[in-house]
Amino acid sequence: MLELHFDLPFGAALTDSLAGTLLLASVCWLLDLKLRFYIPERQKALHLIALCAVLTGVWLFVLRWLLALLLPASFGDFFYASIWFRGAFGLLITGFMALLSVLWYTLQERAATERRRSETEALSRDAELANLRQQLQPHFLFNSLNSINTLIGMQPDKARRMVQQLSDFLRGTLKQDQRQWVPFEEELTHLSLYLDIEKVRFGHRLQTEVVNESNGMSIPVLLLQPVVENAIKFGLYDTTDDITIDIRAWPEEGALIIEVRNPFDPATSAPRKGTGFGLSSVQRRLFLLFARNDLLRTETENDRFTTRIKIPQP
């Protein structure tokens with residue numbers, strides 16, 4: 001439009017416009033290519049401005065050389081008369097392109113960094129979860145082996161049965177370790193193997209009552225065993241009486257609520273917040289999975305200790 005305003009021939013104006021636009025597009029492409037691999041720091045913003053100025057100068061030089069080949073020599077007077085306008089326009093376009101490229105590649109880099117950070121945190125979280133699960137097994141395994149050792153001389157039949165039950169339990173544990181979530185009914189089935197072993201150890205003194213109203217809801221794998229193990233430890237170890245451990249599960253506001261209740265003797269046992277490694281490991285797992293510290297609660301009432309877990313569904 002500026003060229004036509006000065007009554008230049010249409011062909012010369014069109015040639016100048018096309019050559020200038022294509023060359024400026026090439027300069028912007030080179031600028032974008034450079035910024036794709038290196039973005040100056042904020043303190044070096046002058047470097048970017050200088051780069052745009054240099055590229056604008058290169059654009060003007062190449063454009064003048066190309067137009068000298070394509071158009072009559074008289075066109076040079078108009079070119080030099082409009083060079084300040086061309087320079088300002090070129091600097092504006094290259095500056096805008098630089099700003100757009102820096103913004104785009106900075107956002108991409110931040111997204112990639114955030115993605116790597118999330119992946120690293122996920123790997124770290126999975127490793128910690130696996131470590132927590134593995135820490136539960138030796139404690140239970142040593143207790144079971146000690147019980148088997150005791151039963152071998154006195155009751156070899158019970159010892160053989162306990163070895164078979166322990167084998168089934170460990171086989172199921174290895175299989176379940178490959179998954180993060182299981183239906184609550186499946187977790188109860190695996191828990192029953194653990195309780196069968198404990199009932200061989202304690203005989204008729206240990207009874208359990210289970211009320212399952214979970215309606216097909218899921219639970220993080222092997223989450224329930226340390227809770228029940230904690231109930232047995234603080235309900236049975238410090239008394240010679242028979243005890244009953246109550247396990248109940250039901251849905252509530254889109255989450256699975258699980259309650260484990262056991263009796264305890266206040267004179268010899270004092271359940272407190274986070275009693276034992278079992279409950280602290282469960283609370284840690286719940287925090288790693290849901291980033292919440294309010295999903296496990298304990299309370300005591302009338303010589304009964306209650307552990308309540310709330311599990312948001314995936």
Mind checking the [atom1]-[atom2] spacing from [X] to [Y]? Nearest 0.5 Å is all I need.
X      : Y      : atom1 : atom2 : value
Trp104 : Met97  : CH2   : CE    : 11.5 Å
Leu295 : Arg285 : CG    : CZ    : 13.0 Å
Thr300 : Phe234 : OG1   : CZ    : 13.0 Å
Gln155 : Met162 : CD    : CE    : 11.5 Å
Ile311 : Ile219 : CD1   : CD1   : 4.0 Å
Asp294 : Lys310 : CG    : NZ    : 7.0 Å

Suppose we screen for salt bridge (charged side-chain N to carboxylate O under 4.0 Å, His left out). Which residues come up paired with [X], at least two apart in sequence or across chains?
X      : answer
Glu109 : none
Arg297 : none
Arg36  : Asp32
Arg117 : Glu114, Glu121

Please assess Tyr194 against Leu191 for the test side-chain contact (heavy atoms from CB on, under 4.5 Å), listing each intermediate value before the final yes or no.
CA-CA 5 Å; Tyr194 164 75; Leu191 181 67; 3.9 Å; yes
Checking side-chain polar atoms at under 3.5 Å, does Ser214 have a donor or acceptor matched by the opposite partner on Glu185?
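Yes - a donor-acceptor pair under 3.5 Å links their side chains.
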Check the side chains of Ser281 and Arg284 for a donor-acceptor pair under 3.5 angstrom, ignoring hydrogens and angles.
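There is no such pair (donor and acceptor under 3.5 Å, judged by atom type) between the side chains of Arg284 and Ser281.
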Thr306/Glu259 under side-chain contact (heavy atoms from CB on, under 4.5 Å): CA gap, chis, key distance, verdict:
CA-CA 7 Å; Thr306 301; Glu259 266 192 3; 4.0 Å; yes
Side-chain heavy atoms of [X] within contact of [Y], under 4.5 Å:
X      : Y      : answer
Arg161 : Gln164 : no
Leu224 : Val282 : no
Lys34  : Leu51  : yes
Pro263 : Ile243 : yes
Thr208 : Lys199 : yes
Leu166 : Ile148 : yes

Determine whether [X] and [Y] fall in the same hydrophobic cluster, where Ile, Leu, Val, Met, Phe, Trp and Tyr are linked whenever their side-chain heavy atoms lie under 4.5 Å apart.
X      : Y      : value
Leu145 : Ile152 : yes
Trp84  : Ile93  : yes
Leu63  : Leu91  : no
Trp65  : Val58  : yes
Leu92  : Phe96  : no

Determine yes or no for a side-chain-to-main-chain donor-acceptor pair under 3.5 angstrom, with [X] supplying the side chain and [Y] the backbone.
X      : Y      : value
Glu187 : Leu222 : yes
Gln313 : Ser218 : yes
Thr106 : Val102 : yes
Ser101 : Ala98  : no

Partners of [X] by side chain to side chain donor-acceptor pair (under 3.5 Å), sequence neighbours excluded?
X      : value
Asp196 : none
Thr56  : Thr94
Ser26  : none

Have a look at Leu195 and tell me which of Val210, Leu188, Val228, Ile245 forms a side-chain contact (heavy atoms from CB on, under 4.5 Å) with it.
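The residue from Val210, Leu188, Val228, Ile245 that satisfies side-chain contact (heavy atoms from CB on, under 4.5 Å) with Leu195 turns out to be Val228.
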Around atom CZ of Phe89, are there more than 12 heavy atoms from other residues, nucleotides or ligands closer than 6.0 Å?
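For Phe89, atom CZ is not crowded (no more than 12 foreign heavy atoms under 6.0 Å).
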Contact summary for [X] and [Y], nearest pair of heavy atoms:
X      : Y      : answer
Leu60  : Gly87  : CD1-CA, 3.9 Å
Ala249 : Leu256 : CB-CD1, 4.2 Å
Gly20  : Trp59  : O-NE1, 3.1 Å
Met217 : Pro251 : CE-CB, 3.4 Å

Scan for salt bridge (charged side-chain N to carboxylate O under 4.0 Å, His left out) pairs involving residues 96-105, sequence neighbours excluded, and state none if there are none.
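Every candidate salt bridge (charged side-chain N to carboxylate O under 4.0 Å, His left out) pair involving residues 96-105 fails, so no pair, neighbours aside, qualifies.
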With salt bridge (charged side-chain N to carboxylate O under 4.0 Å, His left out) as the rule and sequence neighbours excluded, what pairs involving residues 245-258 come up?
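Applying salt bridge (charged side-chain N to carboxylate O under 4.0 Å, His left out) to every pair that reaches into residues 245-258, excluding sequence neighbours, yields Asp246-Arg304.
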Residues which pass side-chain contact (heavy atoms from CB on, under 4.5 Å) with Leu66, listed by chain and number, not counting sequence neighbours
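Ala19, Leu23, Leu70.
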Under a single-linkage rule joining Ile, Leu, Val, Met, Phe, Trp and Tyr whose side-chain heavy atoms are separated by less than 4.5 Å, which residues share a cluster with Ile257?
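Result for Ile257 is Trp250.
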Does Leu99 sit in a hydrophobic cluster with other residues, and if so which ones, taking ILVMFWY side chains as linked at heavy-atom separations under 4.5 Å, directly or through other members?
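Cluster partners of Leu99: none, it stands alone.
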CA sep, side-chain torsions, deciding dist, call: Ile247, Val211, side-chain contact (heavy atoms from CB on, under 4.5 Å)
CA-CA 6 Å; Ile247 304 171; Val211 178; over 6 Å; no
